[in-house]
Amino acid sequence: MVRHVQKFVAVALMCTAAAFTPVTAQAETPADTLIQAWAIDDIITLDPAEVFEFSASEILGNSYQGLVGYNVKDVSEIFGVIAEKWEISEDGKTFSFTIRPDMKFASGNPITADDAVYTLQRVIKLDKSPAFILSQFGFTPDNVDAMIRKTGDMSFEFEMDKPYAPTLVLYCLTATVGFIVDKELVTSHEVDGDFGYNWLKTNYAGSGAFTIRDWRANEAVVLERNDNYSGKAPPMARAIYRHIPETATQRLLLEKGDIDIARNVSAEEISAMSTNADIVIEDGVKGSIYYLGLNQKNEILAKPEVRQAMKYLVDYATIADTIMKGKVIPHQAFLPRGFLGALEDTPFSLNVDKAKELLAEAGLPDGFTVTMDTRNTNEITAMGQAIQQTMAMAGIKMELIPGDGQQTLTKYRARNHDIYIGRWGPDYQDPHTNADTFARNPDNSDDAASKPLAWRNAWDIPEMTAKADAAVLEADAGKRAQMYIDLQTEHQQTSPFVIMFQEIEVLARRKNVEGFIVGPSFNDNSFKAVTK
Amino acid sequence: MTALSDSSEGRRSALPAVLGKAMRLAATVAFTILGLLVVTFLIGRVVPVDPVLAVVGDRASQSTYDKAFVELGLDQPLYVQFALYVEKAVTGDFGESFLTKKPIIDDIARAFPATLELATVGIIIGTLFGVPVGVWAAVRQGKLADQVVRILGLIGYSAPIFWLGLVGLLIFYAKWGLVAGPGRIDISYEYAFTPTTGLFLLDTAMQGQWDAFRNVVSHIALPAALLGYYSMAYIARMTRSFMLNELAQEYIVTARVKGVAEWRIIWVHALRNAAVPLVTVITLSYAGLLEGSVLTETVFAWPGLGQYLTNSLQNADMNAVLGGILLIGIIFVGLNLLSDFLYTLLDPRVRRRT
């Protein structure tokens with residue numbers, strides 16, 4: 001009887017083995033296709049009027065074009081893309097743009113002033129998350145038809161409520177929200193006056209190097225070369241993003257040659273892959289900043305000496321080199337390097353004695369107890385634990401409260417935290433984007449209309465707010481840069497923000513895949529020139 | 001399981017009995033699902049997460065935020081929100097996902113077939129191996145084979161599936177190249193067929209795309225084997241204990257005395273009786289796999305229900321979560337009904353009672 005059972009098991013085993021006989025997996029990606037693995041579950045839309053997510057920004061950066069652009073190596077060099085040229089009125093309030101002739105959308109429709117005006121008005125009228133980047137110039141759904149107006153087939157005017165610094169205006173137009181959409185195509189899909197919103201969130205109406213052929217949520221995004229592109233034709237006929245959430249899985253795929261680039265590389269993966277001759281690790285400085293926000297509603301944290309002491313209780317160098325393995329560099333001012341007026345001084349380093357002195361001055365020689373809300377990602381958790389240890393050296397007992405991203409953020413936005421460890425990415429390439437949130441707080445009351453990071457930490461700063469507002473209206477770029485340097489120097493010493501690091505984006509590519517550009521923001525990341 | 005079967009109405013005329021049974025059934029199902037909705041809805045509202053954040057992100061202006069708040073119906077009192085939700089759900093409209101802004105039905109229709117395919121292959125593997133192995137272990141009770149089976153079962157049940165998945169990928173995919181990597185299909189085959197049912201094995205086979213079919217098999221092999229192993233561990237353990245129970249019964253002794261062949265005693269007499277409770281074990285394992293195994297789906301980049309639901313939950317996308325839970329609830333209820341039905345086929349006593 002046992003023999004029968006054994007025979008049955010053996011047969012079952014053989015059948016299964018036969019069913020799963022190896023079908024050799026393709027070990028090489030097609031020569032004309034770039035395949036990247038990336039966690040792309042953050043994509044919720046492909047509409048430039050709404051996109052604000054990292055991966056979707058990058059996809060739009062490769063498939064749409066804006067009126068203007070900048071050199072990713074030197075962002076102070078701004079040039080026209082769809083706009084051929086522009087003039088600024090004497091009062092500094094009106095930009096007159098001229099559209100470059102003979103450009104086409106991927107659909108074949110010519111690009112005219114109609115498209116530019118439609119795009120910008122559409123952003124204001126839809127009023128989605130990134131709309132503030134343009135509405136901050138005084139546009140509302142009611143006035144935008146009059147303020148942004150066509151003046152000829154290939155020209156239009158952009159009239160603002162104040163004479164904002166020209167660099168600010170132009171940098172804002174380089175953001176994805178300013179990417180020009182094909183009016184004719186989008187309006188043909190309009191339903192009940194929705195500006196084609198329901199259609200464009202999963203479709204494409206641009207003029208960039210690639211077209212978006214397909215987006216399947218949590219699976220893949222497929223792009224194809226745009227034959228109507230006015231620039232240099234990209235060498236790759238197709239570019240595919242595969243959603244691979246797990247970094248270890250990305251690494252296996254890359255080592256096996258089933259993908260060309262792994263976009264999520266953890267600190268462990270960097271060391272593990274650095275010895276593989278087929279793989280090259282590449283990096284580029286990104287604009288995101290890691291910081292601690294000290295809530296000024298907490299009486300202890302509101303003492304200037306305590307704020308200062310905490311800046312001496314972070315081991316910047318060890319965290320950057322050892323824990324984060326080069327995925328961040330120490331940086332202690334609110335403007336990331338690469339921005340106009342960025343301050344690169346790092347006056348603080350781990351100094352326990354100095355911190356103890358400061359705490360004694362504050363009347364807290366034995367330290368105190370405090371909590372820190374920590375988002376449960378590997379990176380933030382590792383940083384939080386390292387900070388917890390160095391804080392303890394001066395007697396500060398820090399309790400970490402781990403939480404999901406949305407959960408810690410909800411608490412932070414309600415000002416219910418003691419300390420929040422956060423990551424802040426700029427919204428556009430102009431210094432105002434970070435000054436606006438770190439150094440401005442027009443109204444510190446609980447029901448304020450605008451709730452920047454300074455508000456979230458209850459830091460009431462009418463004087464600094466005025467300085468930040470003045471910098472927005474300075475037309476001279478040199479003077480403007482100096483204003484931001486002064487602002488940061490003061491902010492660095494007095495603010496309740498322990499600004500610690502600037503992010504480095506790291507990717508791992510197969511040796512033969514060349515030409516991927518890691519730009520300062522995600523929509524600057526480009527695979528237009530990739531060859532393999 | 002047996003709550004739905006009835007014992008005393010056999011003598012009355014058949015029609016009212018069937019009607020009553022059907023009504024009781026419908027009431028049970030409706031009540032279960034309503035309870036499910038209430039609980040998930042409440043959990044969703046007490047979670048300290050602001051659902052508007054998931055929609056507009058951290059940077060939106062106050063006016064954008066307020067607009068989304070109203071669009072999501074969050075300005076209404078809780079009971080009104082719930083009533084509106086149930087009202088729509090009854091008509092088959094589960095609303096739109098806050099995140100993808102697509103109807104929940106569409107989202108689930110995309111995610112569920114991936115999970116269904118994986119779970120089905122997994123449970124087939126689990127049953128094909130689990131039952132014979134369990135029988136074998138019962139027959140060799142206390143001997144080496146039994147110990148081996150028990151240890152293997154213990155590993156399958158206790159080793160983190162996440163870790164097993166990565167190690168499996170490392171060995172069978174990266175080192176030996178026996179199977180294809182993460183994902184459901186290679187890019188080169190992706191557009192070779194039309195995904196009509198969303199079950200790639202079925203789609204490729206029906207459209208005669210045999211290369212693509214083999215590629216799909218090669219992709220599903222490892223995650224399905226893993227889920228299969230996981231459910232096999234449980235099925236084998238339960239089979240063993242049911243069989244031990246049956247083998248100790250007097251009718252087995254009688255059969256042996258009569259001189260019935262031993263294989264017949266095991267495979268026909270004992271297994272047939274053990275099969276009745278086993279059906280429940282297998283259907284419940286299947287239902288468990290159909291919920292979508294989040295960790296397996298993450299490691300294998302499998303775009304299934306588990307990933308979808310986890311992502312929705314983390315972003316407080318309550319419409320998506322409620323829709324998903326409802327689907328899972330219906331699956332559980334459906335499979336329970338199925339196992340009740342199978343009972344009547346397998347167990348003549350149940351058949352006679354109804």
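Each chain gets a letter, A, B and so on, in the order its sequence line appears, and its residues count up from 1. Side chains are part of it too, since the values below use all heavy atoms of this structure and drop only hydrogens, waters and symmetry mates.
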Please flag which part of [X] lies under 4.5 Å from any non-hydrogen atom of chain A: side chain, backbone, both or neither.
| X | value |
| --- | --- |
| B:Tyr65 | side chain |
| B:Asn311 | side chain |
| B:Arg184 | neither |
| B:Ser63 | both |
| B:Ile265 | neither |

Flag the pair A:His243 / B:Pro303 as yes when at least one side-chain heavy-atom distance between them is below 4.5 Å, and no otherwise.
no
Does any heavy atom of chain B fall under 4.5 Å from the side chain of A:Glu53, the backbone, both, or neither of them?
neither
When you measure from the side chain of [X] to the backbone N and O of [Y], does any donor-acceptor pair fall under 3.5 Å?
| X | Y | answer |
| --- | --- | --- |
| A:Arg242 | B:Pro182 | yes |
| A:Thr410 | B:Asp50 | yes |
| A:Thr249 | B:Val299 | yes |

Quick check for you: to the nearest 0.5 Å, what is the distance between B:Lys67 atom NZ and A:Lys128 atom NZ?
5.0 Å
Residue pairs passing the salt bridge (charged side-chain N to carboxylate O under 4.0 Å, His left out) test where at least one lies in residues 217-226 of chain B, sequence neighbours excluded
none
Relative to chain B, which of A:Asp404, A:Asp41, A:Leu126, A:Thr45 shows the most heavy atom pairs under 4.5 Å?
A:Asp404
Nearest heavy-atom neighbours spanning A:Leu252 and B:Ala174:
CD2-CB, 3.7 Å
ring-ring contact (aromatic ring centres under 6.0 Å, His included) filter on B:Tyr229, not counting sequence neighbours, yields none
